[in-house]
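The structure appears right after this line, and notes come after that.
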Protein chains: 2
Amino acid sequence: MSSTHRPLSERANFLLSQLGFHVAQTFAARLAPLGIAPNHFGLLMHLDRGEGRTQQQLADAVGVHRKVMVGLIDDLERRGLVERRRHPADRRAHALHLTEAARELLPHARDIADRHEDEMLAGLEPAERTQLLAMLQRIAERSGNPPGVHPGLRHATPDT
Amino acid sequence: MSSTHRPLSERANFLLSQLGFHVAQTFAARLAPLGIAPNHFGLLMHLDRGEGRTQQQLADAVGVHRKVMVGLIDDLERRGLVERRRHPADRRAHALHLTEAARELLPHARDIADRHEDEMLAGLEPAERTQLLAMLQRIAERSGNPPGVHPGLRHATPDT
DNA sequence: TATTGTTATACTCTATAACTATA
DNA sequence: TATAGTTATAGAGTATAACAATA
């Protein structure tokens, strides 16, 4: 049986891992001039859909441990993209808000993501892109990962 | 334009990164009982196609720095899967050979990879799997990564 | 002088545990 | 007693530099 000797370059799991890493790497490079990393981009997208959330809520939404969120928000605050304000109802928590700079930066970041995707899929025809997207989504659903949650950020146990 | 607000779960680059990470993670878990990691699996596959190579040659083939190869071969030697023998032509180099244990283990590892792929693509029909594989290969070709070379192992500069 | 394999060191990232101030 | 945020610490993984033996 020749399938036994199928090389890595013909295995869908290897290709997914290879391309996944490559995409993450090149996207990070595209985003670098903006002073943010892909995970920061994800956070800004989430915050854009609802400000005032606490670090814990955001951590749950993105699938990271709150301890990691501290450092991520530190990054974004240092870059002037996020503010930690007093939470109106809970004095322990912070209410996270986007800054003006973030509102200005976000469209650029989305643009970069759109163009990056375009280039990645340059070898496919429009109909094929639609097919690919649908198949990837179907696989992602079955994978057990919540939609939009990257397992690379999904570390640490729920809590002790 | 609503495409501006397309969520991560509808972006092909995010899905590729998400699934790529997930695949690598779950494959590593499947391989763990055998005492090897995905990168070890790749090395064994390469060695199976031509023994007696030096660490440098193998490093070039897989896209890693020779300094990293030291540790990887250390792992495999410790697990009794690879032997460092004297190189017949160059006394500086080692000739790498698979052990009996490796020849016994390799088919199992390939089996695990096959089944893992099957499960990943369980939501797709046979015709779709073929399509997906073809598209991923086409994208991979355009990506600049040599076939079968994982960019996650592709670190360090060519040399100083 | 260049190359093969190796080691030492620093740096980043993640993981574990514990602490504070509130609730 | 539990929770939000934080910090300290140790452990992987990778990067940088330099080294001994041989070509």
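Below, chains carry the letters A, B, ... as their sequence lines are ordered, and counting in each starts from 1.
Under the salt bridge (Lys or Arg N to Asp or Glu O under 4.0 Å) criterion, R79(A) pairs with no residue, sequence neighbours left out. Partners of T54(A) under the side-chain contact (heavy atoms from CB on, under 4.5 Å) rule, at least two apart in sequence or in another chain, are Q56(A), Q57(A), H87(A), A93(A).
In this structure, H65(B) places its NE2 atom 19 Å from P of dG13(D), rounding to the nearest Å. The nearest whole Å value for the distance from the CG atom in L72(B) to the P atom in dG13(D) is 10 Å. In this structure, the NE2 atom of H94(B) is 13 Å from the P atom of dT4(C), given to the nearest Å. One atom, CG of L96(B), and another, C1' of dG5(C), lie 11 Å apart when rounded to the nearest Å. Between the CZ atom of R84(B) and the C1' atom of dG5(C) there is a distance of 8 Å, rounded to whole Å. Atom CZ in R66(B) sits roughly 7 Å away from atom C1' in dT4(C) (whole-Å rounding). For R86(B) and dG5(C), the CZ to P distance is 15 Å, given to the nearest whole Å. Protein atom CD1 of I73(A) is 15 Å distant from nucleotide atom P of dA4(D), rounded to whole Å.
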Pair up each side-chain donor or acceptor in residues 27-38 of chain A with any protein partner under 3.5 Å, not counting sequence neighbours, and list the distances.
from, atom 1, to, atom 2, distance (Å)
R30(A), NH2, E119(A), OE1, 2.6

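Note on H87(A): nothing from the nucleic acid sits closer than 4.0 angstrom, heavy atoms only.
Within the hydrophobic cluster formed by Ile, Leu, Val, Met, Phe, Trp and Tyr side chains joined at under 4.5 Å, directly or through other members, L133(A) is accompanied by L15(A), L16(A), L19(A), V23(A), M120(A), L121(A), L124(A), L132(A), M135(A), L136(A), I139(A), L15(B), L16(B), L19(B), V23(B), M120(B), L121(B), L124(B), L132(B), L133(B), M135(B), L136(B), I139(B).
Pairs engaging residues 37-47 of chain B under the side-chain hydrogen bond (donor to acceptor under 3.5 Å, both in side chains) rule: H40(B)-D75(B) [sequence neighbours left out].
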I'd like a list of close polar pairs between nucleotides 20-23 of chain C and the protein, N/O only, cut-off under 3.5 Å.
from, atom 1, to, atom 2, distance (Å)
dA23(C), OP1, R91(A), N, 3.0

